[in-house]
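Okay, structure first, notes after.
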Amino acid sequence: MSERWYKEAVIYCLDVETFQDSNGDGCGDLPGLISRLDYLSRLGVTCLWLNPIYPSPRRDAGYDISDYYAIDPRFGSLGDFAELALEARERGIRILLDLVVNHTSDQHPWFQSARRDAGSPYRGWYVWSESEPADRRQGIVFPGEQRETWTYDDEAKAWYFHRFYDFQPDLDWENRAVREEIKKVMGFWLQLGASGFRVDAAPFVLEMTKPDDDNPPHDFAILDDWRQDLQWRKGDAVLLLEANVEPGDLPSYVAGRPDGPNDRAHMLFNFLLNPRLWLALARQDAEPVVDGLKTAPRLAAMAQWATFLRNHDELDLSRLTKEQQADVFRAFAPKPDMRIYDRGIRRRLAPMLGGDRRRMELAYSLQFTMPGTPVLRYGEEIGMGEDLSLPDRDAIRTPMQWERGATAGFSDADPADLVQPVRTRGRYGSASVNVLDQQDDGDSLLSWFERLIRRLRDCPEIGVGTCTVLDVPLPRPVLAHRFDAPEGSVLFLHNLADTSVTLDLGRQDGADTVVEVFADGGYELPTLRLTGLELHDYGYRWFRLRRGRGD
Ligand code: MG
């Protein structure tokens with residue numbers, strides 16, 4: 001595989017807990033995941049991002065870790081992980097692990113030792129205040145669920161800082177011992193076969209927390225150090241950062257110097273584009289996407305965006321104006337119980353789009369042709385729905401629906417004993433939406449996803465090329481963009497509206513031959529002048545532009 005494998009990857013995000021149970025205890029596990037690798041390989045996935053697999057009280061879906069050097073015993077053993085890494089690699093699939101190091105669980109032995117004894121070597125691994133911090137109700141991440149960021153601990157007789165929930169005390173990243181320990185954690189998992197990390201809450205890790213500091217400095221030396229260490233230990237390992245920060249701040253997460261080489265994280269989730277994609281779909285207007293593409297900060301060469309429509313969290317709309325948010329809520333989350341934290345949506349894509357297959361294809365064609373590497377959440381490829389009867393973000397964390405039946409093939413356990421309830425009935429239940437039924441149906445959404453990913457492989461320009469929005473007059477709902485790379489050029493059309501249109505794009509540079517490679521349905525073949533191009537309602541068309549007259 002090439003050194004830039006991450007630029008041509010398809011990343012699939014899953015939670016081991018809800019993917020496949022192998023031993024009938026009702027909880028997904030690593031052997032279960034191994035048994036589904038052929039499925040993932042057939043889908044075209046080249047990289048798995050596993051949500052946390054470490055021992056954890058799981059009060060925050062595993063993002064509260066109590067041991068960084070082990071596997072949650074319900075999921076299996078370290079041996080099972082090494083086996084997974086090997087089996088995955090044999091299928092050309094790499095593994096990224098969630099690295100959650102802004103905080104630990106309050107059950108972690110480090111914190112237990114720190115709170116018990118002021119003389120503990122771990123006391124200084126956390127952030128303490130002897131007096132009540134004046135700012136302890138500032139900087140809340142989960143409004144409505146979290147009331148403060150400093151909590152008094154009776155045992156420690158001091159206040160400890162927690163950016164997230166009170167059971168997630170923040171590590172003190174000013175402490176050198178913490179930095180050295182986390183590098184050991186990373187080295188440990190690389191040795192076992194991981195190909196890198198998805199770094200949770202990265203800006204908060206870099207933020208040097210000080211009481212009464214409204215605008216604390218960020219120490220990017222942490223990223224420099226990680227990158228150096230990573231490349232020394234495993235040359236092709238990568239860092240994918242969760243950093244939902246201001247656009248102007250993003251380039252610093254991938255490069256130490258403006259216009260310098262990519263010497264920090266390899267990849268950043270594109271949190272700027274995500275809400276704009278949803279706004280564009282809601283308004284049936286391409287402008288928010290055009291704006292997102294044109295205003296995206298330029299990243300260092302070799303650095304890469306990771307694109308997504310839905311992930312394991314709420315769909316976060318906080319980067320939109322109130323008016324824009326209202327449009328997205330009205331279109332895709334009309335009821336209050338579909339919303340969360342005053343800023344987001346706790347639904348999956350299929351029900352958000354009313355189960356409209358044409359619109360689902362359009363949305364994913366749009367995502368997969370945005371600059372960057374696409375990330376797909378498990379179950380989206382078959383059009384799973386959410387379960388709003390479950391609390392908070394659990395609504396979108398129900399077990400994978402492999403087949404019909406009470407446990408959907410997820411487990412042999414009694415349905416009442418599953419780690420999360422399976423949706424069986426209704427439009428998105430396992431009786432209607434499951435892998436087995438879709439696998440043998442060439443018209444299914446799953447089969448469409450397989451074709452989409454195959455076509456994506458034929459268009460490496462998306463991962464590595466330069467993206468341009470076509471400068472021609474177009475109806476508002478239409479996006480026309482192209483990528484140019486030494487490999488060649490590709491051009492994409494998307495119609496966000498429910499009415500068909502006919503377009504004239506004019507002669508395009510480098511287009512001596514135009515070949516249609518992917519589309520939502522039968523169209524007349526394009527002419528060289530790209531005039532009279534039809535685009536169905538919610539239609540999409542992918543073209544390859546070739547120099548020279550044919551083959
Ligand atoms: Mg199990």
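Bear in mind the structure is a predicted one, so any value in this text is a computation, not a measurement. Atoms within each ligand, like the ligands themselves, are counted from 1 in listed order.
- No side-chain heavy atom of Glu361 sits less than 4.5 Å from a side-chain heavy atom of Tyr538.
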| field | Val375 and Thr307: CA distance, side-chain angles, deciding distance, side chain to side chain contact (heavy atoms under 4.5 Å, CB included) verdict | value | CA-CA 6 Å; Val375 181; Thr307 65; over 6 Å; no
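- Note on Asp29: its N/O/S atom closest to the Mg ion (ligand 1) is OD2.
- For the pair OD1 of Asp25 and OD1 of Asp21, the angle at the Mg ion (ligand 1) is about 90°; rounding is to 10 degrees.
- A ring-centre distance under 6.0 Å is not found for Tyr253 and Trp305.
- Taking the centre of each ring, Trp189 and Phe81 come in below the 6.0 Å mark.
- Among the atoms of Asn23, an N, O or S atom falls under 2.8 Å from the Mg ion (ligand 1).
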